[in-house]
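I have placed the structure first, in the form of structure tokens, so that the comments after it can refer back to it.
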Amino acid sequence: MTDYRFDDIERRWQERWAAGRTFEVTEDPARPKYYCLEMLPYPSGDIHVGHVRNYCITDVIARYKRMRGFNVLHPIGWDALGLPAENAAIKRGVHPEKWTRDNIAGMKRQLLRLGFSYPWSREIASCDPEYYHWNQWFFLRMLERGIAYRKKAPVNWCPSCQTVLANEQAEGGECWRCHSKVEEREMDQWFLRITAYQDELVDDMAQLPQWPERVLQQQRNWVGRSHGAEVDFPVEGGEPLRIFTTRIDTIFGATFMVVAPEHPRVEEFVRGSSDEGKTREAIQRLRGQDRRARQAGQVEKEGVFTGRSATNPFSRERIPIWVGNFVLTGYGTGAIMAVPGHDERDFEFARKYGLPIRVVIQPKDRALDPAEMEAAYDGPGRTVNSGAFDGLDGGEASRRMTADAEKRGIGRGAVTYRLKDWLISRQRYWGTPIPVVYCEKDGIVGVPDDQLPVELPKDAPFTGEGGNPLEKVPTFVQAVCPRCGGPARRETDTMDTFVDSSWYFYRYLSPHRAEGPFDPTAVRYWFPIDLYVGGIEHAILHLVYSRFWTKMMRDLGLVTFDEPVTRLFPQGMVHKGGEVMSKSRGNTVAPDDMIKAYGADTLRLYILSVAPPEDALEWNDQNVAGVHRFLHRVWGLLDRHAATIAGETRSPVPAELSPVARSLRRKVHQTIRRITDDVEERLKLNTAVSALIELEHAIADAEGALAETKERPVFREALETLVLLLSPFAPHVGEEMWERLGRRFSVVDRPWPVADAGMAREDELELAVQVNGKVRGRITVPAQAAEDDVRRKALGDPKVEEHTRGKEIVKVVVVPGRLVSVVVR
RNA sequence: GCUGGUGUAGCCCAAUUGGCAGAGGCAGCCGACUUAAAAUCGGCAAAGUCUGGGUCCGAAUCCCAGCACCAGCACCA
């Protein structure tokens, strides 16, 4: 037998694919299309196991769909701008561009070595000026429409990355990249008005039935839409104070108000009160509390009475206005009506400061007594102590009270959102320059389209001494105002790299197009993306931005649909030793080592077989040996017979078959059906691999009986089918075996086998017979036996009779193809 | 704290969605090959499904209560 020299085999076919441009595709209206997308990698230097898992899944699907007759687009590129390149420049004196290009070259080599079916002519890198040109072009279109704008706002500053971050990138008060604690700073920054699409982002989820609910849930939480009402509370000696509430039905229970320490009217309320000085001091202290901790509710509730009072516009009661650290600016109006009887936070605050608690919602089953209550009641019930509104359920009370407030001109239904506009400016070099200049005369002026791209200067100094390197390049900063021709200062902020990834999947369609970001005809053919596979960690960053970007492009008239991705499939993480595999934990596995030891086909097969693609994968070096042995056995099997099969005329499978042949054929067709089901809808690639192994076992078992007989056509069919079914998973072995079977290059264009239902059907079945739940006998019946015959045979079985003799048969359940259950008394 | 997911041989995972708990792999044991070892090949053994209740002829699967782990959300008024 010849050795399984995976290294030689894999390289040979990789070269052949490259030379034959096997995976290049163009639009072909005659064939159905399939756009199979994976998340493009950041060129950090190494492909890691998480990438491999992602790309193995998409590669199997891409190859499978191609065999099913689809015109498949399965592209790859590089998310090539971003901080690590610049940090490397500071640390090691390598230019970010060189660092990035070198990393891309190395990682590309790794991807090629894994045999992924990419159309490399479509490769893109976001650091190419020909790519970020279009970031700038989009930015200018958004600037024209007020979607991009500049404003001063409190923003998240990462002291370690020396730049501001978007809200999404500073969750929990930590920088998403380096986990430093972010600081709040008041700065002039560029924003994209994603909030213009906040309703669509939620409502269009109805168009995404093939997205996992947990991702949609996360996005829904992030947008944080909440329906309620705004109500103005009259303030003694001042303008009314506006609050937002989702529980206007409890307004009669509002016994005090609370404003955030930063509320603009705090000073007005405090001025002239009896304890002015002390109050101010207390408020100052509340302001000094850590804002993040306050938001997260990790700080004990504290407050102070401002000295001023307001009137509850429904109960007409005089109620005090407090300042409290649990009320936040930037959500609602920064002021609340406090209903301690029915809101946990208000209850806690009221108990602490001895403020009155009133019950205005009465549950069905018990009576609430404010003096006895240990917690707020926020369940359902009917309104009480609510004047003309008594006796209503919550929904009805809210509707009527809102209508009443509206009629009196003191309130209205209102919707609030948690989502903030997307802060996209970064004070760093290695990003897309924001294409505007500041002119003394004309203010902010966009760079004209014909002057794009604004390219990054090559000679910026990377000292690491604070400040954006771009500011230190006079030839970059000094500009001419496109409008008046006078001197202007060029913007030195660059764009968030999430801008690049928000639309890269459109650029794959026309990667070098100079007239626009993409060819609309190609978009009409290829979009939407049929399958998008990637890490779940992008659920609210990249995937929200991408949805926004498509909607924005739609409003520019560039596309005609609302959503770019039909089916999203988040793959599971890779763990080792029970922990997420990551550089920082030092538990990573290098794909290169695996390839060297076992080959790419083994690595691919292993990573797919060990767990369902959506589950966490627990890495275990020893398990790799298992699939490697499987490939060895396949190799041996083919090695023994390929030459014979290749050398003879292909005769048809005989109609009359021996039991062994019949059984092998059945297994072949059952396997086709199983793997097709597993791959097609459920993406259960792990069980598909198991089915391949089973088929190999079955073929090996029949080898002695069939290989050298006139029934060899059955054996040949089995081997050919095994190769075809295996080829999307282990494509190099697939090609090699296909060739050795005497068939033409390439297996990637062979039609996927079709299961013959008749062939797959069992002739006879063994059924268990249960008596009172215990298996007492077994009967063999023809597969299509009538229920009555099965029943008769089951009851006639001697072992069964032993247990039914002399007893009354109460019931006989026949489950066709499964078992018979007899109940006796 | 809330929501969702998961819990099956020593380990990773299956079980046609209520029908005989086992497809596949790892590890283990036995054997073949080998001077020997590794690699390779063949075979064997192993859990009654996290716990406790319930429904049913029949439950890993459905229901109730709890436990463990994972993920997301969490003063958002």
Side-chain angles (χ1 to χ4, degrees), chain A residues 1 3-4 171-172 212-215 217-218 220-222 224-226 228 243-248 250 254 258 260 293-301 324-328 330-339 343-346 348-349 416-418 536-537 539-540 572-573 575 578 580 605-606 609-612 614-630 632-633 635-636 670 673-674 677 684 686-694 696-697 700 766-775 778 810-824:
Chain A
M1 159 179 167
D3 282 349
Y4 171 40
E171 264 210 272
E213 183 50 38
R214 65 192 163 127
V215 172
Q217 190 59 47
Q218 274 190 63
R220 223 176 270 124
N221 286 340
W222 186 253
R225 179 162 74 181
S226 103
I243 58 98
F244 173 78
T245 178
T246 53
R247 291 296 305 275
I248 194 173
T250 65
V258 189
R294 264 178 60 200
Q295 267 186 19
Q298 288 152 359
V299 176
E300 195 188 322
K301 284 182 192 49
N325 61 353
F326 69 103
V327 176
L328 309 166
Y331 184 80
T333 60
I336 63 161
M337 65 172 196
V339 185
D343 181 280
E344 202 44 57
R345 299 152 299 184
D346 300 349
E348 201 183 309
F349 196 81
T416 61
Y417 301 84
R418 231 171 65 136
I536 183 82
E537 66 274 17
I540 57 169
M573 308 233 179
H575 291 195
V580 175
L605 217 43
Y606 166 69
S609 69
V610 74
E614 69 272 23
D615 285 5
L617 180 159
E618 180 63 35
W619 186 273
N620 178 346
D621 284 336
Q622 289 179 316
N623 281 336
V624 180
V627 285
H628 191 62
R629 280 181 206 135
F630 161 65
H632 259 279
R633 290 196 302 271
W635 180 268
Q670 285 174 344
R673 194 177 54 196
R674 264 183 71 186
D677 286 351
K684 286 266 183 193
N686 56 323
T687 49
V689 175
S690 297
L692 287 168
I693 297 175
E694 272 185 71
E696 184 274 325
H697 284 324
E766 194 187 62
L767 303 186
V769 184
Q770 296 182 342
V771 180
N772 285 354
K774 289 206 170 76
V775 178
R778 293 181 182 283
V810 182
K811 193 176 188 180
V812 180
V813 182
V814 178
V815 186
R818 303 251 183 261
L819 53 58
V820 181
S821 181
V822 184
V823 188
V824 298

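Naming convention: chains lettered A, B, ... in sequence-line order (proteins, then strands); numbering from 1 in each chain. Given the structure is predicted, the values throughout are model-derived calculations rather than measurements.
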Self-check item: Contacts of A:V820 that satisfy side-chain contact (heavy atoms from CB on, under 4.5 Å) - sequence neighbours left out
Solution: A:L767, A:V769, A:V790, A:A794, A:V812, A:V814, A:V822
Quiz item: Looking at residues at least two apart in the chain, or sitting in another chain, which of them share a side-chain contact (heavy atoms from CB on, under 4.5 Å) with A:N772?
Solution: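 side-chain contact (heavy atoms from CB on, under 4.5 Å) check on A:N772 returns A:V823, A:V824.
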Residues in side chain to side chain donor-acceptor pair (under 3.5 Å) contact with [X], at least two apart in sequence or another chain:
X      : answer
A:E213 : A:R220
A:T687 : A:D678
A:R778 : none
A:E300 : A:K352

Quiz prompt | Proximity to RNA chain B (any heavy atom under 4.0 Å), residues of residues 812-819 of chain A only | solution = A:V813, A:V815, A:R818, A:L819
Self-check item: Sequence-distant partners of A:E696, salt bridge (Lys or Arg N to Asp or Glu O under 4.0 Å), two or more places apart
Solution: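 For A:E696 the salt bridge (Lys or Arg N to Asp or Glu O under 4.0 Å) partners, ignoring immediate neighbours, are A:R633.
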Self-check item: Residues forming a salt bridge (Lys or Arg N to Asp or Glu O under 4.0 Å) with A:D346, sequence neighbours excluded
Solution: none
Check the interface with nucleotides 11-15 of chain B: list each N/O to N/O pair with the protein under 3.5 Å, or write none.
residue	atom	partner	partner atom	Å
B:rC12	O2'	A:V610	O	3.1
B:rA14	OP1	A:N686	ND2	3.2

Self-check item: Assigned partner base of B:rU3, Watson-Crick or wobble definition, under 3.5 Å
Solution: B:rA71
Restricting to nitrogen or oxygen on both sides, can you table the protein-nucleotides 58-63 of chain B pairs closer than 3.5 Å?
none

Quiz prompt | Results of ring pair (Phe, Tyr, Trp, His ring centres under 6.0 Å) for A:F349 - residues two or more places apart only | solution =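 A:F256, A:W322, A:F326, A:Y353.
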